[in-house]
Amino acid sequence: MSVRSGFVALAGRPNVGKSTLLNAIVGEKVAIVSNRPQTTRRAIRGIATGDDYQLVIVDLPGVQRPRDPLTERMQRRMERELSESDAALFVLNGQQGAGPGDRFIAAAIRNAGVPAVIALNKVDVLNREQTVAALEQAAALDLDAEIYPVSALRGAGVGEVVAELIRRMPEGDYLYPPEERTDLSDEVRLAELVREQVLMRTREELPHAVEVQIDEIEERDDGLLLVVARLWAETDSQKGILIGKRGQMVRSIGTAARGEIERLTGKRVHLDLSVRVRKGWRADEGLLDRLGID
Ligand SMILES: Nc1nc2c(ncn2[C@@H]2O[C@H](COP(=O)(O)OP(=O)(O)OP(=O)(O)O)[C@@H](O)[C@H]2O)c(=O)[nH]1
Ligand SMILES: [Mg+2]
């Protein structure tokens, strides 16, 4: 039997629901989700496999104007991934219509010369007229692309997007073993689950100022999974907030993250979480390398 397989670059502004859509397509939580913009920092590959297809979907950080070395890396990554993909899945937030940021991404897709599919997301919160208006705005982006209204959150319309993407893939073989759902290392996957809990509990600059590093994952003889993780903050005051009154914040992050790690691994977990300061880590190219953000 012939297999259609290839790479799909997931593009879109911050917070439009790219990672939610990726998880819906893959059927497993491979990318973390939050209502903070720029949740995704690393290009995460999610893999959806069927008997006669395999889509390797690259979840890219939402793009905005480059401001610091972290954001610049994220932007360069988008351009590179687009040019190396077999198709682009361009996600729009139906609540907001299409704006300048979307036109910027549409131009990047056009420049890369890849076939595009547009998913107009969050239609679960739109009425019929709003959906029609948003579809018209998406069409006005003037990309040569089919437009699908979807709700990544509810899973509505996702099957149609998958079918369209499969049609765009070249014939070939599986690119990854069929049982694989992501290319992330265990360290990064666990670090992301911890970071998700930080994002859910912090505000303003703090979500962007925190990075998580896994120092150790050790499975003990009694089956307990020992995970040693470190939260990096940029300033002492951020560190204070992350620790919280009498350690309340770091404990609450740790308890919730442990639950997520147990769900993912199916093991009992002990999570050892500490907070450290590293001034300007976002501009520290060496640290960005070590954290796998390229
Ligand atoms: N109502 C509604 N909310 C959604 C839908 N899809 C995603 N969201 C919400 O939108 C927010 C952002 O979702 P993400 O999947 O993290 O968005 P993203 O595009 O990956 O964001 P970045 O990684 O920051 O670029 C979260 O609060 C999601 O729950 C949807 O179909 N309907
Ligand atoms: Mg994301």
Side-chain angles (χ1 to χ4, degrees), residues 8-46 57-68 70-79 81-82 88-99 101-102 104-105 108 117-127 130-131 134-135 138 147-162 182 184 188-189 191-193 195-212 260 282 293:
V8 178
L10 195 49
R13 283 183 298 115
N15 224 20
V16 296
K18 297 179 297 300
S19 297
T20 308
L21 183 57
L22 175 76
N23 293 341
I25 293 174
V26 170
E28 189 178 297
K29 180 161 159 184
V30 294
I32 62 168
V33 166
S34 88
N35 60 6
R36 308 283 184 260
Q38 294 204 311
T39 295
T40 304
R41 278 184 190 153
R42 305 170 168 79
I44 292 174
R45 286 179 179 179
I57 300 166
V58 188
D59 183 14
L60 297 168
V63 228
Q64 55 176 33
R65 212 148 50 84
R67 281 181 320 186
D68 54 25
L70 173 62
T71 329
E72 266 166 40
R73 279 185 183 222
M74 291 174 10
Q75 168 118 14
R76 282 202 301 273
R77 184 74 195 233
M78 176 187 78
E79 284 162 8
E81 291 289 348
L82 277 177
L89 175 53
F90 183 12
V91 186
L92 298 173
N93 182 346
Q95 282 177 306
Q96 296 172 340
D102 296 303
F104 174 80
I105 294 167
V117 177
I118 295 178
L120 180 76
N121 193 28
K122 309 199 186 184
V123 294
D124 53 289
V125 294
L126 305 183
N127 63 29
Q130 290 168 323
T131 304
L135 286 169
I147 305 168
Y148 294 86
V150 305
S151 167
L153 198 62
R154 306 242 172 104
V158 174
E160 286 81 351
V161 171
V162 169
T182 178
L184 286 185
V188 171
R189 218 169 163 189
E192 288 287 277
L193 290 176
R195 197 163 63 82
E196 184 175 46
Q197 297 305 323
V198 174
L199 293 176
M200 287 170 70
R201 288 171 176 74
T202 54
R203 268 184 287 279
E204 287 154 26
E205 256 306 283
L206 202 55
H208 303 298
V210 176
E211 183 52 342
V212 181
E260 288 288 321
R282 271 184 282 183
I293 300 176

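Read the numbers this way: they start at 1 and go in the same order the structure lists the ligands and their atoms. Predicted, not measured: the structure shown is a model, and the values here were computed from it.
- Between the Mg ion (ligand 2) and Ser19 there is an N/O/S contact shorter than 2.8 Å.
- Contacts between Asn35 and ligand 1, counted as non-hydrogen atom pairs separated by less than 4.0 Å, involve both the backbone and the side chain.
- For ligand 1, the atoms closer than 4.0 angstrom to any heavy atom of Pro14 are 25 (O).
- Residues Ile44 and Leu184 have side chains in contact (heavy-atom distance under 4.5 Å, counting atoms from C-beta outward).
- Panel note: side chain Gln95, backbone Leu126; no donor-acceptor pair is recorded below 3.5 Å.
- In summary, the atoms of ligand 1 found under 4.0 Å from a heavy atom of Thr39, numbered by their order in the structure, are 22 (P), 23 (O), 24 (O).
- Partners of Arg195 under the salt bridge (charged side-chain N to carboxylate O under 4.0 Å, His left out) rule, at least two apart in sequence or in another chain, are Glu192, Glu211.
- Evaluated for a side-chain contact (heavy atoms from CB on, under 4.5 Å) with Val210, the options Val198, Thr202, Leu199 yield exactly one hit, Val198.
- Under 4.0 angstrom from ligand 1, the non-hydrogen atoms of Val33 come from both its backbone and its side chain.
- Listed here is the closest heavy atom pair of Val30 and Gly46: CG2-CA, 4.2 Å.
- Polar contact check, Gly17 against ligand 1: a nitrogen or oxygen pair lies under 3.5 Å apart.
- For ligand 1, the atoms closer than 4.0 angstrom to any heavy atom of Lys18 are 15 (O), 17 (O), 18 (P), 19 (O), 20 (O), 21 (O), 22 (P), 25 (O).
- For the pair Asp102 (side chain) and Gly99 (backbone), a donor-acceptor distance under 3.5 Å is present.
- Heavy atoms of Ser34 found under 4.0 angstrom from ligand 1 belong exclusively to the backbone.
- Remark: ligand 1 and Arg154 share no N or O pair separated by less than 3.5 Å (distance only, no angle test).
- Of all non-hydrogen atoms in Gly94 and Leu120, the two that sit nearest each other are CA-CD1, 3.7 Å.
- Less than 4.0 angstrom separates some heavy atom of Ser151 from each of these atoms of ligand 1: 31 (O).
- Atom OG1 of Thr39 and atom NZ of Lys18 lie 8.5 Å apart (nearest 0.5 Å).
- For Arg36, the heavy-atom gap to ligand 1 drops under 4.0 angstrom.
- Closest heavy-atom approach to atom 15 (O) of ligand 1 among the candidates Val16, Val123, Ile32, Thr20: Thr20.
- Considering both main-chain and side-chain atoms, Val125 never comes within under 3.5 Å of ligand 1 through any nitrogen or oxygen pair.
- Taking the salt bridge (charged side-chain N to carboxylate O under 4.0 Å, His left out) definition, one finds that Asp59 meets it with nothing, sequence neighbours left out.
- Of the candidates Asn15, Leu21, Leu10, the one placing a heavy atom closest to atom 21 (O) of ligand 1 is Asn15.
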